[in-house]
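Quick notes on the structure that follows.
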Amino acid sequence: MSSVKDKLRAFSDSSLFLPVVALAVLLAFNAIFVDGFLTISLTEDGRLYGRMIDILNRSCSLVILALGMTFVIATAGIDISVGAVVAISAAVVCTLLGGRGDGVAETPLALAMLAAVGVGILCGAWNGLLVAKFKIQAMVATLILMTAGRGIAQLMTEGQIITVYYKPFAYISGVIPGNILPTNIFIALAMVLLVAFLMKKTSIGLFIQSVGINPTAARYAGINVTMVIFLVYAFSGFCAGVSGLIESSLIRAADANNAGLNMEMDAILAVALGGTLLSGGKFYIGGSVIGAVTIQTLTTTMYALGVSSDQLPVVKAIAVIAICLIQSKKAQEMFAAWKERNRGGSKSLSQGSGSTGTKAVNEA
Amino acid sequence: MEQPVLLEMRHIDKVFPGVRALSNVDFTLRAGEIHSLMGENGAGKSTLVKVLTGVYQRDGGTISLLGKRISPKTPKEAQEAGISTVYQEVNLCKNLTVAENIFIGREPRKHGFIDWATINKRAAELLDSLGVHIDVTKTLDHYSVAVQQMIAIARAIDIEAKILILDEPTSSLDEQETQQLFRIIRMLQKQGLGIIFISHFLEQIYELCDHITVLRNGELVGAYEVEKLPRLELIAKMVGKDLNAVKHMDDFAEKSVPQEEVFLEADHIGEVGQLADVALKLHKGEVVGFAGLLGSGRTETAEILFGAHQPTKGQLKVKGKPVQFGSPMGAMRERIAFCPEDRKTAGIIGDLSVRENIILAMQAKDGMFHHIPYSKQVEIADKYIDLLKIKVSDRDQLIKNLSGGNQQKAIIARWLATKPELLILDEPTRGIDVGTKTEIQKMAIELAKKQGMAVVFISSEMDEMTRTCSKLMVMRDRRKVAELTGDEVNSENVMRAIAGGASS
Ligand SMILES: Nc1ncnc2c1ncn2[C@@H]1O[C@H](COP(=O)(O)OP(=O)(O)OP(=O)(O)O)[C@@H](O)[C@H]1O
Ligand SMILES: [Mg+2]
């Protein structure tokens with residue numbers, strides 16, 4: 001029994017504690033107030049179907065963005081351009097596929113997807129160049145693409161919303177016939193696994209942390225700081241490129257004005273919720289993933305409760321305040337003190353008056 | 001006549017996860033006393049001070065100031081009670097002005113607005129009274145570490161201080177600056193302040209202090225009057241051995257004899273604004289010292305040799321082959337290692353573990369795709385923790401929680417692990433206790449002798465340079481002014497060269 005207790009204690013000390021609890025609370029809330037929230041059923045053509053699947057489906061692009069954002073933030077940077085890059089990527093893929101009413105693609109799907117992701121990487125590389133090479137502050141450097149990005153997307157789509165009728169395009173965020181889950185869930189899973197593999201089998205995580213904690217010392221230890229920072233932004237761009245595919249496939253269209261709108265904020269929020277400090281250094285991939293799912297759940301819940309989309313930011317703002325408070329040092333100290341007191345209390349109970357006795361002797 | 005007791009600390013306990021930093025320590029400080037805290041690296045000196053100043057909360061014991069019980073919760077509270085501190089690592093803001101640094105957090109106000117005129121005037125007066133005449137409206141980074149140190153002291157004593165604590169204030173000062181600091185300390189002593197002075201320089205302790213309290217492994221060994229405690233006895237008490245065991249600790253190691261082969265040659269290198277002209281040859285198996293005053297170009301030379309700066313003139317050659325490093329990694333590929341002097345900003349990665357800090361350079365050299373497996377990391381870390389006697393409670397504890405001297409050792413370990421052929425040590429013994437200091441000197445000699453490593457040793461302590469190095473390059477005004485070898489290696493020759501006399 002004590003080992004279960006120990007495990008619980010270890011978990012409550014771990015970085016995943018907060019995001020997992022936040023998600024659990026949200027899910028519990030939904031399970032109680034939303035009818036049939038937990039039901040997952042099988043449709044006739046063999047797909048899984050239900051609200052939870054929906055949430056997962058909608059979370060994918062945010063999960064992917066959060067992966068890239070985690071690394072950027074770990075280097076003490078930030079990338080506020082990802083939302084705009086999502087729009088660019090969406091514009092690229094849809095323009096290439098074309099909006100022909102007869103459902104024929106103008107470019108092979110694979111090629112169009114590659115191009116979109118490639119453009120995402122280019123955007124990230126541009127950010128990386130500005131931040132790593134020219135030492136422009138990350139917020140300012142990525143602000144450039146954030147503001148210009150949607151304009152670029154507009155130019156590509158010639159100011160119109162391109163709707164793609166080519167059927168297989170919908171499969172990216174939908175279910176390929178014969179599969180049971182939407183494809184984007186597999187894409188997100190693959191990305192998470194890729195990152196997990198990189199963390200496990202390479203030292204990139206160690207280098208990113210070193211750069212985030214003390215770039216000067218990292219340089220003196222032989223780490224190519226410029227390269228690490230550049231790669232991190234390029235990867236963030238890659239993630240945004242992939243997200244752009246998923247987002248546009250969800251609505252089968254490229255909407256330069258609305259694709260990925262405010263997603264940079266959600267991604268940053270997901271990373272923060274996951275326990276990574278915005279000041280850089282230690283980062284938590286698992287936390288970010290759960291954070292992203294949490295935020296999507298929050299959004300979905302709010303819609304289910306009838307909160308309108310223009311009120312949604314208020315709710316999120318409250319969530320941000322709560323997260324910042326919980327993560328603040330002061331609050332953590334208070335929490336630790338509280339835990340300590342509880343622990344001390346249970347200890348003195350189990351040991352009886354013995355410990356108090358010795359203390360009295362010591363003081364005498 | 002005994003002065004009144006200012007401060008009494010009784011039965012102080014402090015526990016960190018995995019280590020008992022202080023147990024049952026007593027400490028008494030009288031007015032007008034300069035009292036030294038002595039002990040090996042990690043003995044608990046800084047912790048005792050931080051308990052007193054409210055940085056840490058004690059786990060047991062009492063503190064009374066002028067007979068009144070106090071329990072400072074924050075440094076601010078301690079300061080208001082009259083306890084001022086200059087910490088081991090200077091904690092000022094480089095991009096604020098001198099005056100701002102002195103008054104930050106307690107700016108005098110006029111009609112609710114910060115009163116800049118008064119701030120600047122009072123800051124100037126304060127520094128004048130300490131004999132430091134500088135422009136207080138310039139930002140801090142205009143001034144040397146020594147001046148920054150004085151500014152920290154000015155900040156500390158301006159607040160109605162009764163007690164002034166100096167934790168290793170002289171570790172980055174030269175002889176002259178140290179004397180200036182001592183003058184200030186004695187002046188404050190006369191005003192009746194109680195002063196706690198921590199340093200690993202025995203000469204300074206014996207010159208300045210009147211009382212010594214010795215700690216070992218977080219426990220009190222005893223409190224002594226300086227006259228009644230000869231040096232050797234003090235060392236014996238610090239390391240916990242008897243007198244005979246420490247007698248030979250200080251013996252010189254036989255110097256290393258250079259081999260024929262030249263490892264690195266610098267052909268009149270220089271960097272605009274940093275270094276004027278240096279030509280030197282580093283042989284294998286040779287310990288070369290860079291001597292000179294602070295700012296004479298020693299560190300700049302070392303940084304060029306390590307590729308952290310690029311020379312704007314001259315040529316570097318490794319084993320006769322011209323090279324251009326471009327970055328530290330370039331130098332590391334030629335098996336050059338560099339242990340920088342400023343461990344806080346250029347050395348440790350504070351939020352990483354001791355293990356990660358030790359393997360970092362090695363990993364950077366291997367490249368990110370040749371990840372060193374965890375078990376191998378553990379093996380390497382343990383090996384050097386053992387070899388350098390780094391005091392840790394756990395190899396996975398954060399390096400920032402090690403004592404200052406032990407952080408320094410971990411950085412040396414980082415570079416030894418890369419198995420270099422040229423090891424550049426910039427102030428490697430700064431903040432290191434007496435015992436370990438001789439061990440590091442001996443280690444430098446051993447590496448040269450046994451492994452044929454070329455070692456560059458930079459230190460402001462003449463004594464350790466002359467006893468360790470087989471060759472000395474003396475620098476002044478950012479250029480090499482003399483080279484001393486063999487019997488010429490002694491402090492008189494160095495002094496003469498620095499002063500501009502004979503240059504060979
Ligand atoms: N914040 C902390 N968390 C955990 N352990 C700590 C912390 N601060 C200090 N310690 C441990 O407490 C012990 C005493 O450290 P302290 O810094 O007081 O040594 P010191 O005597 O000042 O040594 P040095 O001469 O190297 O500065 C060391 O073992 C150190 O690792
Ligand atoms: Mg210390």
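Here is the naming used below: chain letters follow the sequence lines, and residue numbers restart at 1 for every chain.
Only the side chain of Ile359(B) comes within contact range of chain A, judged by heavy atoms closer than 4.5 Å. If you measure heavy-atom distances from Tyr220(A) to chain B, the contacts under 4.5 Å come from both the backbone and the side chain. For Lys201(A), the part lying near chain B is the backbone, with the side chain staying farther off; criterion is any non-hydrogen pair under 4.5 Å. Looking at Thr345(B), the atoms closer than 4.5 Å to chain A (heavy atoms on both sides) all sit in the backbone: N, CA, C or O. Looking at Phe306(B), the atoms closer than 4.5 Å to chain A (heavy atoms on both sides) all sit in the side chain, from C-beta outward.
Other residues, nucleotides and ligands place more than 12 heavy atoms under 6.0 Å from the CE atom of Met199(A). Remark: Gln57(B) CD is packed, more than 12 non-hydrogen atoms of other residues, nucleotides or ligands lying under 6.0 Å away.
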Next on the checklist: Under the criterion side-chain contact (heavy atoms from CB on, under 4.5 Å), I'd like the reasoning laid out for Met368(B) against Leu231(A): C-alpha separation, chi angles, the key distance, then a yes or no.
Outcome noted: CA-CA 13 Å; Met368(B) 66 172 91; Leu231(A) 284 179; 4.2 Å; yes

Item to check | side-chain contact (heavy atoms from CB on, under 4.5 Å) assessment of Leu360(B) paired with Ser210(A) | outcome: CA-CA 9 Å; Leu360(B) 191 61; Ser210(A) 304; 3.6 Å; yes

Item to check | Worked check of side-chain contact (heavy atoms from CB on, under 4.5 Å) between Gln363(B) and Leu206(A) | outcome: CA-CA 9 Å; Gln363(B) 183 68 72; Leu206(A) 179 69; 4.2 Å; yes

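Ranked by heavy-atom pairs under 4.5 Å with chain A, the list Tyr374(B), Phe338(B), Phe369(B), Trp415(B) is led by Trp415(B). Of the listed residues (Ile213(A), Ile223(A), Thr216(A)), the greatest number of heavy-atom pairs within a distance under 4.5 Å of chain B belongs to Ile213(A).
Shown are His371(B), Glu356(B), His370(B); of these, the side-chain hydrogen bond (donor to acceptor under 3.5 Å, both in side chains) with Ser203(A) is made only by His371(B).
For residues 344-366 of chain B, the set of pairs meeting the ring pair (Phe, Tyr, Trp, His ring centres under 6.0 Å) definition, not counting sequence neighbours, is empty.
Asn214(A) and Lys344(B) make their closest contact through ND2-O, 3.3 Å (heavy atoms, listed as atom of the first residue, atom of the second, distance). The minimum heavy-atom distance linking Ala364(B) with Ala221(A) is given by the pair CB-O, 3.5 Å. For the pair Met332(B) and Gly222(A), the tightest heavy-atom approach, listed with the atom from each and the gap, is SD-CA, 3.4 Å. Of all the heavy atoms in Ala218(A) and Ile349(B), the pair that sits closest is N-CD1, 3.8 Å.
To the nearest 0.5 Å, atoms CG (Asp351(B)) and CD (Gln209(A)) are separated by 9.0 Å.
Of the possible donor and acceptor atoms, one in the side chain of Arg219(A) sits under 3.5 Å from a partner among the backbone N and O of Ala308(B).
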